[in-house]
J.: 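What follows is a structure written as structure tokens; I'll ask about it next.
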Amino acid sequence: QVQLVESGGGLVQPGGSLRLSCTASGRTFSNYAMGWFRQAPGKEREFAAAISGGGFSTYYATSVKSRFTISRDNAKNTNYLQMNSLQPEDTAVYYCGAAPTLRDYTDPLTYTYWGQGTQVTVSS
């Protein structure tokens, strides 16, 4: 069992930045690839970014590439999503997930464990 807790969400103006954190407890953190998804009201959960267990491979949705950066610190059992140049369309609840593999990192079904989510609102 892996427990995930996200933090770092909030209200930010367009063009601003936020850093989300996802801290894990339970099984060995480095055994799991990590992903960030987001879900806006009335929409399906969509992939944003993913990172391999060792942190050597990263993947991004086209909509966030060059603005978001995913990273992890296995010594702290934490992964991060640095979000820059935020826009109103980035408004959503952001979830982190843990997956045993990244066979299909864009599919939520790949992820075994999920956090409770953190709200990100981009508005002036």
Side-chain angles (χ1 to χ4, degrees):
Q1 191 79 4
V2 175
Q3 293 80 39
L4 303 174
V5 178
E6 301 100 333
S7 61
L11 173 64
V12 64
Q13 292 186 342
S17 298
L18 283 175
R19 187 176 82 154
L20 305 183
S21 299
C22 174
T23 300
S25 60
R27 295 187 176 179
T28 304
F29 181 63
S30 59
N31 286 350
Y32 291 86
M34 301 299 295
W36 285 94
F37 285 69
R38 61 188 185 181
Q39 189 165 17
K43 295 188 176 181
E44 293 186 352
R45 190 169 297 192
E46 67 170 4
F47 168 74
I51 187 167
S52 60
F56 299 110
S57 299
T58 57
Y59 308 90
Y60 297 95
T62 302
S63 59
V64 308
K65 199 169 186 177
S66 79
R67 300 188 298 124
F68 290 11
T69 302
I70 189 171
S71 61
R72 66 190 296 159
D73 184 340
N74 286 343
K76 295 182 178 180
N77 286 1
T78 301
N79 84 99
Y80 307 96
L81 186 67
Q82 177 67 44
M83 306 185 295
N84 299 328
S85 301
L86 285 161
Q87 299 301 317
E89 52 265 34
D90 295 313
T91 295
V93 178
Y94 283 70
Y95 298 90
C96 74
T101 70
L102 279 180
R103 184 173 302 163
D104 186 354
Y105 52 84
T106 66
D107 186 352
L109 295 177
T110 295
Y111 298 80
T112 307
Y113 303 104
W114 291 95
Q116 82 290 348
T118 185
Q119 176 71 47
V120 171
T121 302
V122 184
S123 175
S124 56

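Predicted, not measured: the structure shown is a model, and the values here were computed from it.
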J.: Check whether any side-chain heavy atom of Y111 lies under 4.5 Å from a side-chain heavy atom of L102, and answer yes or no.
T.: yes

J.: Any heavy-atom pair between the side chains of M34 and Y113 that's under 4.5 Å?
T.: no

J.: Look only at the side chain of E6 and the backbone of Q116, and say whether a donor-acceptor pair between them is shorter than 3.5 Å.
T.: yes

J.: Looking at the rings of W36 and F68, which for Trp means the six-membered one, are their centres under 6.0 Å apart?
T.: no

J.: Over all heavy atoms of both residues, which pair between P108 and F37 is shortest? Give the atoms and the distance, please.
T.: CG-CE2, 3.7 Å

J.: Short question: side chain of T121, backbone of L11 - any donor-acceptor pair under 3.5 Å?
T.: no

J.: Any donor-acceptor pair under 3.5 Å linking the side-chain atoms of T23 with those of N77?
T.: no

J.: Consider side-chain contact (heavy atoms from CB on, under 4.5 Å). Of V64, V120, V93, T91, which one does R38 pass it with?
T.: V64

J.: Will you find, in the side chains of S25 and Q3, an N or O donor that is under 3.5 Å from an N or O acceptor?
T.: yes

J.: Judged by atom type as modelled, is there a donor-acceptor pair below 3.5 Å linking the side chain of T69 to the main-chain atoms of Q82?
T.: no

J.: Using the ring of Y80 (Phe, Tyr or Trp, six-membered ring only), decide whether R19 places NZ or CZ under 6.0 Å from its centre and within 45 degrees of its axis.
T.: yes

J.: Do you know the tightest heavy-atom contact between D90 and S85?
T.: OD2-O, 4.3 Å

J.: Between the side chains of T78 and S21, does any donor sit under 3.5 Å from an acceptor?
T.: no

J.: Of all heavy-atom pairs between P14 and S123, which one has the smallest distance, and what is that distance?
T.: CD-C, 3.6 Å

J.: Is it the case that D73 and S71 place a side-chain donor and acceptor less than 3.5 Å from each other?
T.: no

J.: Taking all non-hydrogen atoms of both residues, which atom of T110 and which atom of P100 are closest, and how far apart?
T.: O-CD, 3.9 Å

J.: So, for S30 and N74, which heavy atoms are closest and what is the spacing to 0.1 Å?
T.: CB-ND2, 3.4 Å

J.: CG of L81 to OG1 of T118: how many Å apart, nearest 0.5 Å?
T.: 11.0 Å

J.: Got more than 12 heavy atoms from elsewhere within 6.0 Å of CD, E89?
T.: yes

J.: Nearest 0.5 Å, what's the CD1-CZ distance between I51 and R72?
T.: 6.0 Å

J.: Are the side chain of D107 and the backbone N or O of D104 linked by a donor-acceptor pair below 3.5 Å?
T.: no

J.: Tell me whether the NZ or CZ atom of R67 lies within the 45° cone about the ring axis of Y60 and under 6.0 Å from its centre.
T.: no

J.: Using atom types as modelled and distance alone, determine if a side-chain donor or acceptor of Q39 lies under 3.5 Å from a backbone N or O of A92.
T.: no

J.: Backbone N or O of S52 within a donor-acceptor pair of the S57 side chain at under 3.5 Å?
T.: no

J.: Name all pairs fulfilling the ring pair (Phe, Tyr, Trp, His ring centres under 6.0 Å) condition that reach into residues 85-109, sequence neighbours left out, sorted by first residue then second.
T.: F47-Y105, Y59-Y105

J.: Taking all non-hydrogen atoms of both residues into account, name the closest pair between V12 and L18 and its distance.
T.: CG1-CD1, 4.1 Å

J.: Backbone N or O of A33 within a donor-acceptor pair of the N79 side chain at under 3.5 Å?
T.: no

